[in-house]
2 protein chains.
Amino acid sequence: MRRKSMTSVELARLAGVSSATVSRAFAAGSSMKPATRARILALADEHGFRPNAMARVLNNSQSRLVALVVNTVANPAEAEGLDQLIMRLQEQERLPLVLRCADHEDRNRLMRIASTYQVDHVVLYSDAVSIDDAIAIFHSAVPIIASSEPLAGRDVSDVRLDARAATVEVVSHLVAQGRRRFVYLCGRASSHVDKQRRGWFSAALEAHGLAFDIVEHGDYSYDSGYKEAALLLRRTRPDAVICANDLMAIGVKDAAAALGFAVPTDLAIVGHDGVALASWDSHAITTIAPRPGVVSAALADIIDEPNDAPPVRRVIECMVRWGRSTGDLPRS
Amino acid sequence: MRRKSMTSVELARLAGVSSATVSRAFAAGSSMKPATRARILALADEHGFRPNAMARVLNNSQSRLVALVVNTVANPAEAEGLDQLIMRLQEQERLPLVLRCADHEDRNRLMRIASTYQVDHVVLYSDAVSIDDAIAIFHSAVPIIASSEPLAGRDVSDVRLDARAATVEVVSHLVAQGRRRFVYLCGRASSHVDKQRRGWFSAALEAHGLAFDIVEHGDYSYDSGYKEAALLLRRTRPDAVICANDLMAIGVKDAAAALGFAVPTDLAIVGHDGVALASWDSHAITTIAPRPGVVSAALADIIDEPNDAPPVRRVIECMVRWGRSTGDLPRS
DNA sequence: CAGCAAAATGTAAGCGTGTACATTCAGCCG
DNA sequence: CGGCTGAATGTACACGCTTACATTTTGCTG
């Protein structure tokens, strides 16, 4: 087994042409007699010949590989977006190289290894690595598309979310229900996305002359939502919790149920990200998120742009997806 | 931007050595003066030099790339295992190339593209593609590690599950509770994994002289579990449903709740795969699954074996993870 | 049918490494 | 100090493809 596969020179000999012609037969744009191309492709098919991508990359520098830097694939919020993105990339004949950075002692080592494979693009999907580290390691050789940190003039494209309006919408609804004791549950307090969400929430509350508590010990997991809510509900008595993501929101909901708090009567719960399971019957969490697939589409579009195009900055508006966790739907 | 990166020849000139020496400095096993190696590595670090993997692969045929063929990354059952596997591969200095095959008009096109990149191994993680297609496309060049179809003497390693004992355990428990009207809800009736699970279930029931109904319209999604359960509960009146996976089991649970059936009193529910969310408070589904991480560890071990090693067949025993969906825990 | 332009194909030089083989070098013994 | 040995390094080619440039073929026009 592991038999060496055929090379373009061998195929060329079989077809009675030169290896250059074989190469051209596989290059879409090059001009050649259709009959010759057809003959070569048929022969290639027959003998199972496929051009070696390594050799191709070696002299074009177009690997069609995209490094996707994520925290973990296990978290639905990342996984669902990633799934869409991978699908799009594959439609572009690109292949994703997944760098899973959570729990990884040295994320930079991982990026260094990946950079070795001449990836055309890097998508910093999670905020697990710093943009500056990424720039240093891929030494500006490949466009980096971030969706987290602020960019401050760095030569990098990005796609980010705007949930200002959606947050105002949710908060107004909750205030109209008479809720006054708000809490924000962080995922990772130092994360930029987290800070933004907190900021929008804070602004929306201030418009009503209200303040809020912050719980900083979350980690985006169901368990941390559950644990923090259990502590919180025994101590202060909030009547609305906004969570940095949906998983924690569900944890909060389960903790509330276990402690005998009624949702949404006693406690309203809001999540972020709009993962599929948030709208399952048993959860029905109100969540703030972009329309599904929009972020991945934007990322894929940017990637498909010519390499010398200037960096792109896209902002995507979030929506509210109402669930039962915030009580009756607003009029509208 | 996109400045061309340094080559080993340029670095060699800077270090006053030949490119061969640079190459040796990066190869772990090769004998050379420690001082020279240190000097070269320091210089490489300083100038951001990293050997080009494409060029390396071109003459060793050791890409350290692994193609992971999956259905979708969005499904927690696949995603959680995948996450573990990717982590392991990264520890081995390997990089995963993810082929997402669901919804993809032509999965074989995708595999053909991937085969171009000289992947060292292929893991057929989902049963979305046929082993024979995979063998044909990667033309026996790379070991294929399947976890689905039966192999029938094909020259391929595999890891598969054995849930016979676990299924007997669950079924005995349910029968002891007096349940008699069993239903099995398929994910994809034609899938081998599905057939196996059905078979174990059938055998376990037969041991008690019982038979069961099959619902073949599931598709592994929450929604399909919900829909089929809604139909089922109105028609026949099962008192136990075994589902091909956990997501459908949760769908069944939610449908039962919506229709006023009490779980587990009126209806017991069992899932497969042991996804994390199955044991959340709001679900607490009893599920049949291997110990977390064992499958990925086995796959990673097989991949790390020398390439000329004979195919490996590993069978992994499943356990029951009890939840509230099957009533009181059995004695034990 | 000569003559010429355009299309098709061939030639050969890389792309950046690894490695077999050749060479040099350092150290040791007689 | 010559000669020998093993370690360290250099030389040069191969890996499989793309591509600029050279050459041949084709198709037309006068």
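Chain letters run A, B, ... following the sequence lines, proteins first and then strands; every chain starts at 1.
- Other residues, nucleotides and ligands contribute more than 12 heavy atoms inside 6.0 Å of the CZ atom of B:Arg313.
- With hydrogens and angles disregarded, a donor-acceptor distance shorter than 3.5 Å links the side chain of A:Arg37 to the backbone of A:Ala25.
- Rounded to a whole Å, the CD atom of B:Gln62 is 18 Å from the C1' atom of C:dG16.
- Between B:Asn59 and C:dG16 there is no side-chain N or O to OP1 or OP2 distance below 4.0 Å.
- Closest to the B:Leu58 side chain, of the nucleotides D:dT18, C:dG16, C:dT17, is C:dG16.
- Atom CE in B:Met6 sits roughly 10 Å away from atom P in C:dT17 (whole-Å rounding).
- Nucleic acid contact class of A:Phe49 (heavy atoms, under 4.0 Å, all strands): sugar-phosphate only.
- The OH atom of A:Tyr117 sits 18 Å away from the C1' atom of C:dC15 (whole-angstrom rounding).
- Looking at A:Asn52, its side chain has no donor and acceptor atom pair within 3.5 Å of the base of D:dC17.
- With hydrogens and angles ignored, the 3.5 Å screen pairs a side-chain donor or acceptor of A:Arg100 with a backbone N or O of A:Ala102.
- Side-chain contact annotation: B:Tyr220 with B:Asp194, donor-acceptor N/O pair under 3.5 Å present.
- Computed from coordinates, the A:Arg50 CZ to D:dT18 P distance equals 12 Å when rounded to whole Å.
- No salt bridge links A:Asp219 with A:Arg188; every basic N to acidic carboxylate O contact stays at or beyond 4.0 Å.
- Taking side-chain N and O atoms only, A:Ser8 has a distance below 4.0 Å to OP1 or OP2 of D:dC17.
- The CG atom of B:Asn60 sits 17 Å away from the P atom of C:dG16 (whole-angstrom rounding).
- Put simply, the side chain of B:Ser63 gets close to the backbone of B:Gln118: a donor and an acceptor are under 3.5 Å apart.
- Distance, B:Leu11 CG to C:dG18 P: 12 Å, rounded to whole Å.
- In this structure, A:Met54 atom CE and C:dG14 atom P are separated by 24 Å, rounded to whole Å.
- One interatomic measurement links the two molecules: CD of B:Gln118 to C1' of D:dC17, which rounds to 11 Å at whole-angstrom precision.
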Between the protein and nucleotides 7-9 of chain C, are there any N/O to N/O pairs under 3.5 Å, and if so, what are the atom names and distances?
{"unit_1": "C:dA8", "atom_1": "OP2", "unit_2": "A:Ser31", "atom_2": "OG", "d": "3.4"}
{"unit_1": "C:dT9", "atom_1": "OP1", "unit_2": "A:Thr36", "atom_2": "OG1", "d": "2.5"}
{"unit_1": "C:dT9", "atom_1": "OP2", "unit_2": "A:Lys33", "atom_2": "N", "d": "3.2"}

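- Taking both residues in full, the closest heavy atoms of B:Arg94 and B:Gln92 are given as NE-OE1, 2.7 Å, listed atom of the first, atom of the second, then distance.
- Remark: A:Phe49 engages A:Phe26 in a ring-ring contact (aromatic ring centres under 6.0 Å, His included) (not counting sequence neighbours).
- A salt bridge does not link A:Arg88 to A:Asp301: none of the charged side-chain nitrogens sits closer than 4.0 Å to a carboxylate oxygen.
- Out of C:dA12, C:dT19, D:dC17, the shortest distance to the side chain of A:Ala20 is found at C:dA12.
- Between A:Asp120 and A:Arg64, none of the side-chain N atoms (NZ, or NE/NH1/NH2) sits under 4.0 Å from a carboxylate O, so this pair counts as no salt bridge.
- When the local axes at the two ends of the helix from C:dC1-D:dG30 to C:dG30-D:dC1 are compared, using 5 base pairs at each end, they differ in direction by 50° after rounding to 10°.
- B:Thr7 has no side-chain polar atom (N or O) that falls below the 4.0 Å cut-off from OP1 or OP2 of C:dG16.
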